[in-house]
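Structure first, commentary second.
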Protein chains: 2
Amino acid sequence: MELDQRIKHLLKHGNLRMTTVRKLVLKEFLEAGSIALSSYEIEKKFEDLDRITLYRTLKTFEECGIIHQAVDVSGRSKYAICSADCSNHNHEDHHAHFYCKKCERTVCLDDVKIPTLNLPTDFQLEDSQLVLSGVCGACQ
Amino acid sequence: MELDQRIKHLLKHGNLRMTTVRKLVLKEFLEAGSIALSSYEIEKKFEDLDRITLYRTLKTFEECGIIHQAVDVSGRSKYAICSADCSNHNHEDHHAHFYCKKCERTVCLDDVKIPTLNLPTDFQLEDSQLVLSGVCGACQ
DNA sequence: TTCTAAATGCAACATTGTTTCGTTTAGAGA
DNA sequence: TCTCTAAACGAAACAATGTTGCATTTAGAA
């Protein structure tokens with residue numbers, strides 16, 4: 001599907017209005033693919049993009065199952081486009097993320113699923129995040 | 001071993017001076033055991049403990065292998081006392097952490113080791129962090 | 001006891017994110 | 001196509017978390 005079509009489809013599916021900012025931001029995520037983006041990275045790409053609006057856009061996208069958050073070792077949060085299985089308030093992308101200490105990029109390892117582990121019985125598990133870090137292929 | 005003895009031993013082992021702040025903070029971690037503490041939690045426990053000094057103390061302890069950082073889903077970082085195997089700049093506690101969404105506590109799951117996973121060959125793995133979240137036993 | 005490098009405490013700053021509120025705009029309905 | 005309203009936006013102010021620079025204090029070696 002063409003980019004503009006995918007953008008339209010995703011926003012419609014999430015019951016979101018087609019605003020300039022949303023189209024702009026969503027395009028970035030679609031183009032980034034499995035690379036997770038921080039708010040700052042998106043912000044500096046578009047000079048006249050309001051910081052606050054951007055934060056709200058990210059939050060909205062996350063709630064609609066369009067993007068998912070990847071906990072970053074550095075503390076700042078990054079986001080990447082979801083797989084098709086995600087929907088409103090129901091993220092299905094239980095894959096690991098890799099953080100490269102050199103280029104500071106976070107990528108989704110879509111094929112590395114988080115294994116199920118035996119927890120002590122009194123813990124009720126809801127989510128799990130696995131962050132691997134080291135040096136990525138491009139930086140070696 | 002008694003608490004004061006352990007504090008002395010740990011600081012000596014890390015080549016750190018026995019200062020008031022360090023003894024105070026280390027005592028907190030030893031008493032907390034597998035429960036990870038945030039900077040804020042420690043800060044509010046001691047009214048006249050300087051925020052900046054505390055941050056520096058935490059950093060120093062981490063570098064010396066006395067405490068380790070547990071990436072928190074909420075973004076703020078928490079720390080917990082290391083197992084005996086850790087040493088300067090060489091943390092050996094590759095266990096998962098559990099974050100309770102109700103009480104907002106993070107605990108070390110010392111028995112839940114992070115499994116080794118097959119990464120694409122061009123990734124050079126150095127660290128891994130596994131954060132499980134849900135509701136802990138005490139909150140159910 | 002003296003002395004110095006290490007540790008502390010304060011001020012100022014940086015980053016990341018939220019809240020409030022007035023203004024603009026998407027898009028549903030006439 | 002035009003009107004209208006709820007949704008989205010933009011600006012200011014604030015909050016949480018953490019860092020840097022620098023002058024002062026202190027642990028502990030000599």
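Residue numbering restarts at 1 for every chain, and letters A, B, ... go by the order of the sequence lines.
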Under 4.0 Å, heavy atoms only, any strand: does B/Thr60 hit a base, just the sugar-phosphate, or nothing? nothing
May I ask you to check whether A/Glu63 and A/Thr60 show a side-chain donor-acceptor distance below 3.5 Å? no
More than 12 foreign heavy atoms under 6.0 Å from CZ of A/Phe46: is that the case here? yes
So does B/Arg17 get a backbone contact from the side chain of B/Arg22, meaning a donor-acceptor N/O pair under 3.5 Å? yes
Check the distance between D/dT19's P and B/Asp50's CG and give it to me in whole angstrom. 14 Å
Output the rounded distance in Å from NZ (B/Lys23) to C1' (C/dT8). 15 Å
Just by distance, do the side chain of B/Glu41 and the backbone of B/Ser38 share a donor-acceptor pair under 3.5 Å? yes
Degree of bending in the helix from C/dT1-D/dA30 to C/dA30-D/dT1 once both end axes are built from five pairs, to 10°: 30°
Ignoring hydrogens, what is the shortest heavy-atom contact between B/Glu43 and B/Leu49? Give both atom names and the distance. CG-O, 4.5 Å
Between P on C/dT18 and CZ on B/Arg76, what's the gap in Å once rounded to a whole number? 13 Å
For A/His97 and A/His68, take the angle between the two ring planes, folded into 0 to 90°, and tell me which bin it lands in: parallel under 30, tilted 30 to 60, perpendicular over 60. tilted
In whole Å, I'd like the distance from the CD atom of B/Glu43 to the C1' atom of C/dC10. 14 Å
5' precedence on DNA chain D between B/Arg51 and A/Leu49 (nearest-nucleotide basis): A/Leu49
Let me know the distance between OH of B/Tyr55 and C1' of C/dA14, rounded to the nearest Å. 13 Å
Could you measure the distance from the CG atom of A/Asp72 to the OG atom of A/Ser133? Nearest 0.5 Å is fine. 9.5 Å
Atom CD of A/Glu104 and atom P of C/dT16 are separated, to the nearest Å, by 11 Å
What string of B, S and - do you get for nucleotides 21-30 of chain D 5' to 3' if you count protein non-hydrogen atoms under 4.0 Å? B----BBS--
Shortest non-hydrogen contact from A/Cys103 to A/Cys136? SG-SG, 4.0 Å
CG of A/Asp72 versus P of C/dG17: gap in Å, rounded? 10 Å
Show the nearest heavy-atom pair for residues B/Ser39 and B/Tyr55, with the distance to one decimal. OG-CE2, 3.5 Å
Short side-chain N/O contact from B/Thr57 to OP1 or OP2 of C/dA7, under 4.0 Å: no
Can you tell me if the side-chain N/O atoms of B/Lys59 get under 4.0 Å from OP1 or OP2 in D/dG18? no
Is the phosphate of D/dT17, meaning OP1 or OP2, less than 4.0 Å from a side-chain N or O of B/Ser39? no
Indicate whether OP1 or OP2 belonging to C/dA7 is found under 4.0 Å from a side-chain N or O atom of B/Arg22. yes
In whole angstroms, the gap separating C1' of D/dA11 from CG of A/Leu54 amounts to 15 Å
